[in-house]
Every structure is written in C-alpha cells, then in structure tokens.
Amino acid sequence: MNQTKTRRRGRAAVVVLGDIGRSPRMQYHALSLARQAHLEVDIVAYGGSEPHSAVLEHPSIHIHRMKQWPSIPQTLPKILRPFMLMLKPLVQFLMLFWYLCVKIPAPDVFIVQNPPSVPTLVAVKWASWIRRSAFIIDWHNFGYTLLSLSLGRNSRFVTLYHWIEKHYGRMAHGSLCVTKAMQHELAQNWGINATVLYDQPPEFFQPASLEEKHKLFCRIGKSLSQPYGRQDCLSYGILGTDSVDSNLTPFTTQAEKDIYLKQNRPALVVSSTSWTPDEDFGILLEAAVMYDRRVAAILNEDDSSGEELIWEEIRNEKQFLYPRLLFIITGKGPEKEKYEQKIRKLNLKRVAFRTMWLPAEDYPLLLGSADLGVCLHTSSSGLDLPMKVVDMFGCGLPVCAVSYSCIKELVKVEQNGLLFSSSSELADELMMLFKGFPDECDILKSLRKGVLETRSSAKWDSGWEENANPLISQVISQRLG
C-alpha cells in the first residue's frame with residue numbers, strides 16, 4: 001500500500017474539453033503545478049491552437065490531445081440534428097473517460113475547467129473514483145447559462161444541463177472560481193464552498209519595448225497592408241507596390257539603428273474575441289462609424305471631402321486633432337465571417353479594421369504595443385470576468401469594457417479603464433481618450449499610469465501560491481492520507 005502511495009504522489013491532470021491553446025488560465029495552472037508545486041502534469045485537451053512555448057517546453061508538462069468532434073454539416077436534415085446533439089456528449093464522454101482512465105498515469109488530483117460541464121464533470125468524477133484521485137473544479141462560468149444563450153432558459157436541455165452541473169459540482173473535493181460574485185452564488189444557491197483565484201497575467205504579459213513593437217509590426221506588416229476589399233486609411237499608398245520598406249511600418253520607422261514612433265501614426269486599439277453570441281461585436285462597429293462621422297463633423301469636413309484627399313494628407317504626415325484608429329481583432333469563432341462581411345460594407349475615412357490570429361508569443365507583444373483595449377464580453381451568468389482584460393492590464397494597456405454586474409471587481413473606472421453600455425458611449429470614450437493623440441491625450445495617459453501602478457502588485461504566481469496551492473495540497477493529502 002505504501003509503495004502504491006509513493007508511486008502515485010506528485011502528479012496532476014489538467015482537463016479541458018476545449019482547445020488548450022485558447023485556454024490560458026488552464027495553461028497557467030499547468031505551469032504553476034509544475035513550477036511551484038513540483039508536480040508532473042498531464043494536460044488532457046483538444047488541439048487546434050498551440051499553447052505558449054513555456055508550456056510546450058517545460059519537461060514536467062505532458063500534453064495529450066484528443067480528437068475534436070466534427071462540426072454538424074449544414075446539409076444534415078433537421079430531424080437528425082437532435083440525435084447528433086445527444087450523440088456528441090456521449091462520444092466526448094467515452095473519449096475523455098478513456099484518456100483519463102487509461103491513456104495517462106493515475107494522478108493525485110484532477111483539475112478540470114468548467115464550462116463545459118457536460119460531459120466533462122461526469123467523466124472526471126467517475127475517473128476520480130476509479131483512480132482514487134482528488135477532483136477539483138475551476139469554475140470559469142456556468143455551463144447552463146452559456147447553453148441558454150442558444151436554446152433559451154426554458155429549454156429542457158438547459159434544465160437537465162443545470163441539474164448535472166450542480167449535482168456533479170457538489171461532488172468535487174474542492175472548487176476554485178474567478179470572482180467573489182461567483183463565490184457567493186456557489187455558496188448560496190449551489191451549496192459549494194469555492195476559493196476565489198482571480199485571473200492574473202503570467203510574467204510574459206508585459207509592456208513591449210520600442211524595438212519589440214517595431215519587430216512585431218514588421219512581422220504582421222503583410223496583414224496590416226491588406227484591407228477588406230478596398231483601400232482604407234491604413235493601406236492607402238501601400239497597395240500595388242512591389243515591395244514594402246522593411247524598416248517602415250504604419251507606427252514606426254527605423255533609421256540605421258534608431259527606431260522612432262511616427263508622430264501621425266494611427267492609434268492602435270486591440271480587442272480579443274471568441275466571436276460568440278455573448279460578445280456583441282456590432283457595438284464596436286457602430287462606435288467606429290460614430291467616431292468617423294463625429295471627427296468629420298468637428299473638422300467641418302463635408303461629404304465632398306473624399307477619402308483619398310484625407311488619406312493623401314495623412315500620407316504627407318499631416319497630423320489631425322483626432323487620429324486614425326486601427327482596430328486589430330484577434331481570435332477565432334463561429335461569428336467571425338459574419339462580422340467580416342459587415343466590416344467590408346463600412347465606408348470609413350479614419351478607421352480601419354484587421355482581424356488576425358497570432359502565435360501565443362506574439363499576442364502579449366500586440367497588447368503591449370497597443371494604445372487601448374476594448375472588451376465586449378458580457379458574461380452569460382454575469383458572474384465571471386474576462387481573461388482578455390487581465391492580459392491587457394498585464395501589458396500595461398488601459399481598457400474600455402462593457403458594463404455588467406461584477407466587472408467592477410476588475411475594471412476600476414477612471415483608474416485603469418472605462419465602462420460603456422452602448423455604442424454611443426464607447427464612441428464618446430474613444431473621442432475623449434484620443435483627442436490630441438499621441439502627445440496631448442492626458443486622460444489616456446492617466447489610465448495607462450493607473451494600470452501600470454496596479455499591475456506591479458498583481459501576479460499570477462503569487463495569487464496561485466496564496467489561494468490555489470493550499471487547496472490542492474489539502475485535497476491531495478486528504479485523499480492519500
């Protein structure tokens with residue numbers, strides 16, 4: 001018996017029924033389990049996007065990639081769709097159960113991301129029985145509230161999903177959650193005592209140096225130069241040329257060894273999205289149109305002032321009271337193409353959009369090179385916080401975020417960001433923050449200063465050591481004691 005205990009000590013399994021490359025919090029858990037708890041770590045997840053190099057290169061972290069369930073073809077008869085919806089969790093359960101019980105070594109503890117709850121919580125709980133392991137849930141949100149976005153709160157599927165999530169949630173040996181509001185909800189209405197572990201950025205999320213910015217803009221230069229179907233304020237003068245100066249970007253220029261920020265550069269606004277229904281990207285598009293029209297009105301430009309006239313003035317380094325805005329939207333998801341079609345139809349003089357998917361190492365550099373972040377996350381439960389804002393703060397980037405019930409646990413108004421409830425409010429904030437850019441935008445500078453002041457005291461490693469490590473150590477010792 002003692003030999004069995006010794007053999008099983010020192011191992012954790014991190015379970016994600018999703019793309020591990022798009023699950024940053026679970027990647028950080030894996031790194032902390034390996035670095036701080038000195039455990040061998042098995043990650044069981046889907047492939048798709050590459051995780052951060054720190055995860056891939058750590059000798060104690062082992063990634064086991066499951067096969068993805070194929071998307072349901074649009075040509076499938078409607079009568080068969082309910083059957084496919086029921087078959088999917090069954091197949092997922094069998095595959096996940098096989099990995100947890102056979103493919104990986106027996107762990108001391110399973111740490112599972114929720115949502116999705118079905119079939120994840122069932123599979124992990126059963127596996128923990130069979131392998132005599134502890135079972136911890138990391139509550140990012142509630143699965144039944146996400147399902148209700150597409151099926152409606154009164155759906156029988158949602159009711160069943162809610163029951164499974166609550167029943168198996170109570171069976172965990174420990175729980176972590178992302179906000180105090182969620183902690184209260186779990187305690188009051190679910191009978192679950194959870195420890196709050198706020199999302200914090202790891203060490204590789206930090207402000208970018210001028211050299212890092214220039215190199216990044218050079219790397220993504222091809223994407224920056226390609227508009228959606230027609231020229232815009234960023235691509236004008238670039239399209240049709242045989243080559244692009246490798247020392248020149250829309251934001252920076254290099255002369256010999258010296259790098260400079262352009263005085264009439266566009267303001268760079270970054271938003272990260274999963275292109276799902278809980279993020280209304282239309283708010284950002286409407287705000288961009290409003291910004292474009294309001295600036296034209298303030299500068300007394302009539303409709304006869306064509307785009308190319310303004311673009312030629314910008315190309316000749318004329319600086320305006322309000323800058324051009326470049327919105328770079330990162331992420332993958334089901335509604336991406338729909339919104340790209342909408343972007344193509346916009347007729348904007350001073351605003352440009354680009355969508356892209358960046359390697360894990362370049363995403364922090366983009367945030368660290370931007371001037372403002374925008375978050376459209378509204379939360380299906382109203383109880384979780386957007387990880388993207390945490391990442392932005394880690395890179396010293398102030399944020400404008402959609403206002404909802406618990407967002408103020410993260411965004412401190414007029415200290416590190418602003419909140420908005422409509423496209424008009426967001427447009428007002430863009431006008432206020434970027435007036436006089438880049439030198440005389442005092443409110444934007446004040447918010448950035450506030451982000452940098454709070455950033456220095458907020459670290460993932462210290463938060464994990466204080467809140468997660470004691471819980472994990474406790475449940476392991478109870479199971480092995």
Side-chain angles (χ1 to χ4, degrees), residues 8-16 20 23-43 45 51-63 107-114 133-140 172-184 186-187 192-206 360 364 384-396 409-410 416 451-481:
R8 291 185 65 250
R9 276 190 193 276
R11 199 164 200 107
V14 174
V15 183
V16 182
I20 184 59
S23 305
R25 181 175 168 103
M26 302 311 285
Q27 292 183 54
Y28 306 156
H29 269 305
L31 284 170
S32 292
L33 288 163
R35 291 172 174 175
Q36 295 168 250
H38 309 292
L39 300 175
E40 290 290 316
V41 181
D42 295 291
I43 297 177
H52 196 276
S53 59
V55 176
L56 292 172
E57 295 167 6
H58 199 289
S60 296
I61 298 177
H62 318 280
I63 301 177
D108 299 313
V109 61
F110 288 103
I111 301 178
V112 57
Q113 171 184 294
N114 184 73
S133 306
F135 165 36
I136 294 175
I137 299 175
D138 190 18
W139 297 83
H140 298 196
H173 302 111
S175 288
L176 297 165
C177 65
V178 294
T179 65
K180 290 180 179 178
M182 184 174 287
Q183 181 189 47
H184 180 77
L186 286 168
I192 295 171
N193 293 320
T195 299
V196 177
L197 174 63
Y198 282 118
D199 283 319
Q200 301 291 357
E203 72 279 357
F204 39 82
F205 279 84
Q206 55 189 335
D384 69 312
L385 294 174
M387 184 70 194
K388 67 196 76 177
V389 172
V390 175
D391 293 341
M392 291 171 181
F393 286 164
C395 294
E409 286 190 42
L410 180 60
N416 57 16
V451 173
L452 292 173
E453 287 175 350
T454 55
R455 171 186 174 274
S456 59
S457 61
K459 300 290 184 184
W460 169 267
D461 289 349
S462 57
W464 193 90
E465 189 66 45
E466 180 181 349
N467 299 291
N469 203 16
L471 174 65
I472 293 167
S473 299
Q474 180 186 355
V475 298
I476 289 177
S477 63
Q478 287 174 348
R479 296 298 290 174
L480 297 177

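Residue numbers run from 1 in the order of the sequence given.
Counting heavy atoms from C-beta on, the side chains of I472 and L33 come closer than 4.5 Å. In this structure, the side chains of D42 and P107 stay at 4.5 Å or more apart for every pair of heavy atoms.
Here the closest heavy-atom approach between residue S133 and residue V109 is recorded as CB-N, 4.4 Å. Between V178 and Y198, the closest heavy-atom pair is O-CD2, 3.3 Å. Contact record, V390 with D199: CG1-O, 3.3 Å, taken as the closest heavy-atom pair. Pairing each heavy atom of P386 with each of L410, the nearest pair is O-CD2, 3.9 Å. Smallest separation of non-hydrogen atoms from P364 and F204: CB-O, 3.5 Å.
Between the side chain of Q36 and the backbone N or O of W464 there is no donor-acceptor pair closer than 3.5 Å. Under a 3.5 Å cut-off, the side chain of D108 and the backbone N or O of A12 do not form any donor-acceptor pair. At distances below 3.5 Å, not a single donor-acceptor pair connects side-chain atoms of E40 with backbone N or O atoms of G10. Here the side chain of Q27 pairs no donor or acceptor atom with the backbone of V55 at under 3.5 angstrom.
Atom CD of Q183 is separated from atom CG of L176 by 10.5 Å, given to the nearest 0.5 angstrom. A distance of 8.5 Å separates CE in M387 from CD in Q200, rounded to the nearest 0.5 Å.
Using the six-membered ring where Trp is involved, H173 and F135 have ring planes that are perpendicular, over 60° apart on the 30 and 60° scheme.
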